[in-house]
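Per chain, numbering begins at 1; letters A, B, ... match sequence-line order. Not measured: the values here are computed from a predicted model.
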Amino acid sequence: MLTKRIIPCLDVKDGRTVKGINFVDLRDAGDPVELAWQYSVQGADELVFLDISATDEKRKTMAELVKSVARQINIPFTIGGGINEIADADILLNSGADKISINSAAVRNPQLIDDLAAGFGKQFVVVAVDTKAINGKNYVHLNGGRIPTGIETKSWVLEAQERGAGEILLTSMDHDGTKGGFDCKQLQKINRMLSIPVIASGGAGSREDFAEVFNETDVDAALAASVFHYGQILIPDLKQYLKEQGVLVRQVNEE
Amino acid sequence: MTGIINYGAGNIFSLTAALNRLNIPYGMINIPEELEKYERYIIPGVGHAGAAMQKLRNSGLAESIPTLRKPVLGICVGMQLLTDFSEEGNSRLTGIVPLNTLHFNKEHGLKVPHTGWNQVDLDKQNLLFDGLGAQQYFYFVHSFFIEFNPKFTIASAEYGIKFSAVIQKDNYYGVQFHPEKSGVAGEKILSNFSLLA
């Protein structure tokens, strides 16, 4: 049986991780590769690197980072942040990225999804969607929830799937940063509409939140950042807990 | 030394990175004449099986592959190329292993592509599985699968339907998952293959 995936997300700026302090034995807490390695050993199923730098050198630093990760990490990883065109994706693929995540570039130019899927296969294309409720309806937002697009989230995810997205990473901006739990209601609604995997994001604060999202919705994976980076949740503990709660997860210590 | 069949079927950086980590020496095979230099072969592959088969034909290697007598390991689409036929583009493949590559049925309510870590039952004893327990998790990402067959399937997984996770016919092996992305268990498969002769 297919297991539910636990995905730590690392924010990277100019080739360095921005958060992430609470690991023992880290030689360099700012080194994304070292952090990634720690997560892979602990049993993370996949990793997401989000590049938040805004320099002209970005494409080059991203490619270098992706190569270092691919050389040293033995689990799949996605890279996101500032991928605007086929050429960006091509460099990342050839540097060893398993998937790329596109967000605002896809909203601005939906054809990009078709082009990426045609060029590299659907499995390579994750469409990240930041969603926020306005008067009870969910709309796609850009720039970390600051800019409303007026596009309804449910119609956008369907369009993304239709155009060739291989996976949807859905972040609830109303839940993100609250540590009050995932937006299970919306996640299940969106998940039921789609025939591609859905990654839940936004709101993880405790082990119980992960159990809740997997027991109350059929999402395929759950992503979180700070609860992992600051050691509030350790992945082996989380996986053990999820197993006890009846969630099918991969346990590395059984290998 | 292991030769990687280099027919332009997508990115092989992750595969070569894994071989480097494991200290497995390898080289690239671009033309049929280079085949004899190696003791075993890996056929990588991502993307569309029909397109991959066409690239393999264009490289001139498609005719040589069925004649090989040394160990061959197909990975993902590289595994599917070993079969007779794929529903992906209704493509005729090498026909080395008499099986079909089919599409996961969306009517089962399954997400396609099948993405993530699935439990694999190592049904038959094999040198490829040396040092691994009877059940292992491996990382999959694919929309097409090779039908289960008790004769050629040596490891199986379930996703709505039981399918071939690993097949073998004589010196030909195929793995549907990505050993280069499947943690320690995946690396073990690559190491074990590198010892086959």
Can you establish whether the number of heavy atoms outside Glu162(A) located under 6.0 Å from its atom CD is more than 12? no
Atom pair CG/OH of Asp45(A) and Tyr137(B) - distance to nearest 0.5 Å: 10.0 Å
Just verifying a value: how many Å separate Leu22(B) CG and Asn74(A) CG, rounded to the nearest 0.5 Å? 9.0 Å
Give a yes or no on this: more than 12 heavy atoms of other residues, nucleotides or ligands lie within 6.0 Å of atom NZ of Lys124(B). yes
Hey, what do you get for CG (Asp98(A)) to CZ (Phe13(B)), rounding to the nearest 0.5 Å? 11.5 Å
Looking at Leu195(B), I want to see if its CG is surrounded by more than 12 non-hydrogen atoms of other residues, nucleotides or ligands under 6.0 Å. yes
Which of His178(B), His114(B), Lys181(B) touches chain A most, by non-hydrogen pairs under 4.5 Å: Lys181(B)
For Gln72(A), which atoms come within 4.5 Å of any heavy atom of chain B: side chain, backbone, both, or neither? backbone
Note: Arg21(B) and Arg71(A) closest approach over all heavy atoms is NH1-O, 2.8 Å
Residue among Ala221(A), Ser95(A), Gly121(A), Gly166(A) with most heavy-atom pairs under 4.5 Å to chain B: Ser95(A)
Calculate, to the nearest 0.5 Å, the distance between atoms CD and OG1 belonging to Glu46(A) and Thr115(B) respectively. 8.5 Å
Flag yes if more than 12 heavy atoms outside Glu85(A) fall under 6.0 Å of its CD atom; otherwise flag no. yes
Give me the atom names and distance for the closest heavy-atom approach of Ala70(A) to Ala17(B). O-CB, 3.3 Å
Sort Thr3(A) into side chain, backbone, both or neither according to what part of it lies under 4.5 angstrom from a heavy atom of chain B. both
Closest-packed option against chain B by number of heavy-atom pairs under 4.5 Å, given Glu167(A), Lys67(A), Gln123(A): Lys67(A)
Before giving the answer on side-chain contact (heavy atoms from CB on, under 4.5 Å), spell out for Phe140(B) and Leu2(A) the whole-Å C-alpha distance, their side-chain angles and the decisive distance to 0.1 Å. CA-CA 9 Å; Phe140(B) 292 83; Leu2(A) 187 63; 5.9 Å; no
Taking every non-hydrogen pair under 4.5 Å, which of Val41(A), Leu248(A), Ile73(A), Asp218(A) racks up the most with chain B? Ile73(A)
Take atom CD of Glu36(B) as the centre, draw a 6.0 Å sphere, and report whether it contains more than 12 heavy atoms from other residues, nucleotides or ligands. no
Give a yes or no on this: more than 12 heavy atoms of other residues, nucleotides or ligands lie within 6.0 Å of atom NZ of Lys70(B). yes
Report yes or no: does Arg250(A) contribute a side-chain atom to a donor-acceptor pair with the main-chain N or O of Asn118(B) at less than 3.5 Å? no
Where on Val69(A) is there a heavy atom nearer than 4.5 Å to chain B: the side chain, the backbone, both, or neither? neither
Is atom CZ of Arg57(B) surrounded by more than 12 heavy atoms (other residues, nucleotides or ligands) closer than 6.0 Å? yes
Option that, when pairs with chain A are counted at under 4.5 Å, heavy atom only, ranks first among Glu187(B), His48(B), Glu158(B): Glu187(B)
For Gln125(B), look at atom CD and say whether over 12 heavy atoms of other residues, nucleotides or ligands are found less than 6.0 Å away. no
